[in-house]
Amino acid sequence: MTTNTILFLLFSLMIAGGLSFFQYYYKAKTKSKVNLILAFLRFLSIFGILLILINPIISRKTLEIVKTPLPIVVDNSSSIIDLKAKETALELYKKLFQNKDLQEKFDVQSYLFDSEFQQSDEFNFKGTQTNLEEVAKSLKSIYKNTTFPSVLITDGNQTLGNDYVYSFDANNKIYPLVVGDTTPFLDLKVSQLNVNKYAFQKNKFPVEVFLQYSGNKSVIADFSISQRNSILNKQSISFSSSKKSAIINVLLPADKIGLQVFKAAISSKEKEKNTYNNTKNFAVEVIDQKTNVAIISAINHPDIGALKRAIESNAQQKVTLVKPKEINELQDYNVLILYQPTAEFKSLFENNKLAGINALIITGTNTDFNFLNQQQNSLVFKMSGQKEDYLAGFNSQFNLFATDNIGFENFPPLQNAFGTVTTNRNVSTLLSSKIRNIETNSPLLAFAENQGKRSVFLLGENFWKWRLQSHIDNQSFEKFDVFVDKIIQYLASNNSKKSLVVNHENFYNSGEAIEISASYFNKNYEFDEKARLTISVTNTKTKQVKNYDLLRANNSFKVNLDGLLAGQYNFLVKELNSNTTYNSHFEILDFDIEKQFVNPDAQKLNQLASQTQAKVHYPNQVDVLIKTLLEDENYKAIQKEIVTKTPLIDWVWLLVMIAISLASEWFIRKYNGML
């Protein structure tokens, strides 16, 4: 409390005492006990009011020691068990976490990671994926603008995410503690296999296999691809100390329609420590039809290339680029994409009135809108010659098919002519348009259906920037390409509307996220948020049944079936209110990516340590690591002075006291006839 505050308090006592004395003693005719009580009550009231005005504050200074954080991050993936390093990892963790000298110098904190990163001091080593990149991102986020060391107890084998070596902050030292036997063993491995998910009947599909060898002696291995008991391809591969890898390219026939499961295997006469990584199962869906898409344009534009790549990311779809006057047989195509139509497209529109092929119409600054008004009646364009940039707004109530918001509001604007666009009743809007965040009440992406014929309108050019922005946001084109794929699927299908729509894959790999989504629509084909969806999953071999509820997520319902064993499954999705059902099947392929390793990746952990000016340590060097951390002068505790200011009085209770004293004074004066 300051000197001025103390003087104000003394001055307030004098004022309150003086006024009370002046009213009830100096001017009073009698000096009774009642006057004394009234004077005291008046003194409390005046002094209380002055206290509120002064509001005296007490300052307290405390000293706080802020220690440097020391996160100890433990690899919780199942590869730790497979490398027989579970007990070692736990022992190392306890020795570090319980060290009193480390606790005195650092703020020791415990974390684990597998596919995700979380704070914990209990480890079960059952993680199905290892994502060291997530560790780097999480540590940067938690300890932002802080210099600190980290201890990483891991085998260094990553199965998910980008390369972790350059993901960590180079200014913060990472000390890897390598667990697992680093002794090199002879090992043959099917390290990677590339194949398309889909193939077409009576064609051949390519399979690319990457084989790896660990060892110093020369080995001749047998590689084969089989389906059930039939060997489809077999060849011998030689490895040596100088030849550690091989790439095999094979063409396999797609004879049977449906899901076909194959096995790639490598073996030799040499004894191996780990034979699980000698085989890898893969599956291909053989289909008997392909969606042919024609992109018709009279001009060259980057949008065309972006659209072609997005559509052909689905192997079931093939794109042909053609000029409007060069296209002959429309019946050769399942979907037409008309890019910025002008009068050159007149014969094409007339021919398509007879062919009835669904079309995606994309407009832009080169579009003839008067011509477009004559050729269709779903949208009416009243456009000027001025150009304008249009931002997108996502309509979460869109219900023609299930789709997620992939960040449309953050995408760059599309360019189109300035004007007004009005829609008919049979038009559904997925994306509305905005000019500088001002709603135009016009569509940007609209879907129309008239007498069984479907049309889609994208009103703007330069959507190649959307695909690029999606890749920047997600490090992949996948989300944008899936969005385009759903539009093409909508146009390629003329099926009547279904009330229950379910999206799923026909096969999954063990350890992958197994997610099934569904959408339920009412009689007006509006998305029903109150729907109650359940799924029943049955293992075809064991007949074991598991039931789940589908949970609401945006404009769909989703369920995660992680944890199911490899095998074939039938499933039934049911909407409980209407008893609408959908049944299908999927297969989980036997593949545990965490069992692919025979040694820890000490080389990469050495790279990581060097990148952060630290050093790799092994289990027998844990005492050296502790000594290094304790002797590092860069990590000193910081003493902070914290000043806390608290009011001397609680003004609420003071107001209550003032009210009570004034009320008491009034009642006493009233009782004694002094009013």
Side-chain angles (χ1 to χ4, degrees), residues 129 159-160 187-214 219-239 243-268 272 274-291 309 311-319 476-478 481-482 485 504-514 566-568 585-597:
Q129 296 272 20
T159 62
L160 193 67
D187 183 57
L188 291 166
K189 175 182 178 182
V190 180
S191 61
Q192 187 176 338
L193 191 148
N194 296 330
V195 64
N196 289 329
K197 286 187 176 182
Y198 303 98
F200 302 100
Q201 190 184 21
K202 298 180 181 180
N203 287 345
K204 289 188 176 182
F205 60 92
V207 180
E208 185 179 39
V209 186
F210 294 83
L211 305 176
Q212 247 179 341
Y213 168 67
S214 298
V219 172
I220 296 178
D222 294 324
F223 172 77
S224 64
I225 296 179
S226 60
Q227 185 179 28
R228 296 186 179 89
N229 297 323
S230 301
I231 296 178
L232 304 178
N233 183 278
K234 187 174 183 179
Q235 52 188 292
S236 295
I237 312 294
S238 61
F239 296 98
K243 184 184 178 184
K244 299 283 189 178
S245 62
I247 301 175
I248 307 297
N249 290 287
V250 179
L251 287 175
L252 297 181
D255 297 329
K256 299 178 182 178
I257 296 174
L259 183 66
Q260 306 298 320
V261 181
F262 304 90
K263 181 171 73 172
I266 186 172
S267 62
S268 73
E272 298 181 55
N274 182 3
T275 57
Y276 185 88
N277 60 11
N278 286 28
T279 61
K280 184 169 287 190
N281 294 323
F282 64 98
V284 174
E285 181 80 8
V286 179
I287 54 180
D288 61 351
Q289 61 178 353
K290 192 168 189 174
T291 302
R309 290 186 181 89
I311 295 171
E312 290 187 340
S313 65
N314 184 344
Q316 298 181 67
Q317 296 165 171
K318 179 183 177 183
V319 173
S476 169
F477 292 115
E478 183 179 359
D481 292 350
V482 168
D485 182 56
H504 66 94
E505 299 287 345
N506 288 327
F507 64 90
Y508 303 89
N509 286 321
S510 294
E512 286 184 348
I514 304 173
Q568 294 182 346
H585 65 277
F586 61 84
E587 183 169 349
I588 301 177
L589 304 181
D590 183 15
F591 176 70
D592 188 348
I593 195 169
E594 291 292 326
K595 291 184 178 180
Q596 303 297 306
F597 311 105

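- Between Phe282 and Phe262, the ring-plane angle classifies as parallel under the 30° and 60° cut-offs.
- The number of heavy atoms from other shown groups lying within 6.0 Å of CD (Glu478) does not exceed 12.
- Crowding of Lys197 atom NZ: a count of heavy atoms from other residues, nucleotides or ligands under 6.0 Å not exceeding 12.
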Q | Residue pair Asp485, Gln317: steps toward the side chain to side chain donor-acceptor pair (under 3.5 Å) verdict | A | CA-CA 9 Å; Asp485 182 56; Gln317 296 165 171; 3.2 Å; yes
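- In this structure, CD1 on Ile266 lies 11.0 Å from OG1 on Thr279, to the nearest 0.5 angstrom.
- Counting heavy atoms from C-beta outward, Tyr508 and Leu589 have side chains that stay 4.5 Å or more apart.
- For NZ of Lys244, the number of neighbouring non-hydrogen atoms (other residues, nucleotides, ligands) closer than 6.0 Å is greater than 12.
- Inspection of the Thr291 and Gln316 side chains reveals no N or O donor paired with an N or O acceptor under 3.5 Å.
- Summarising the geometry, atom CZ belonging to Phe223 is positioned 10.5 Å from atom OG belonging to Ser267; distances are rounded to the nearest 0.5 Å.
- Enclosure of atom CD1 in Ile220 is not indicated, since only 12 or fewer non-hydrogen atoms of other residues, nucleotides or ligands lie within 6.0 angstrom.
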Q.
Let's go through Leu259 and Phe586 carefully: what are the C-alpha distance in whole Å and the side-chain angles of both, what is the deciding distance for side-chain contact (heavy atoms from CB on, under 4.5 Å) to 0.1 Å, and is it a yes or a no?
A. CA-CA 9 Å; Leu259 183 66; Phe586 61 84; over 6 Å; no
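- Contact between Phe239 and Ala221 at its shortest, heavy atoms only, is CE1-CB, 4.1 Å.
- Remark: side-chain polar atoms of Glu272 are paired, donor with acceptor, to backbone N or O of Leu188 under 3.5 angstrom.
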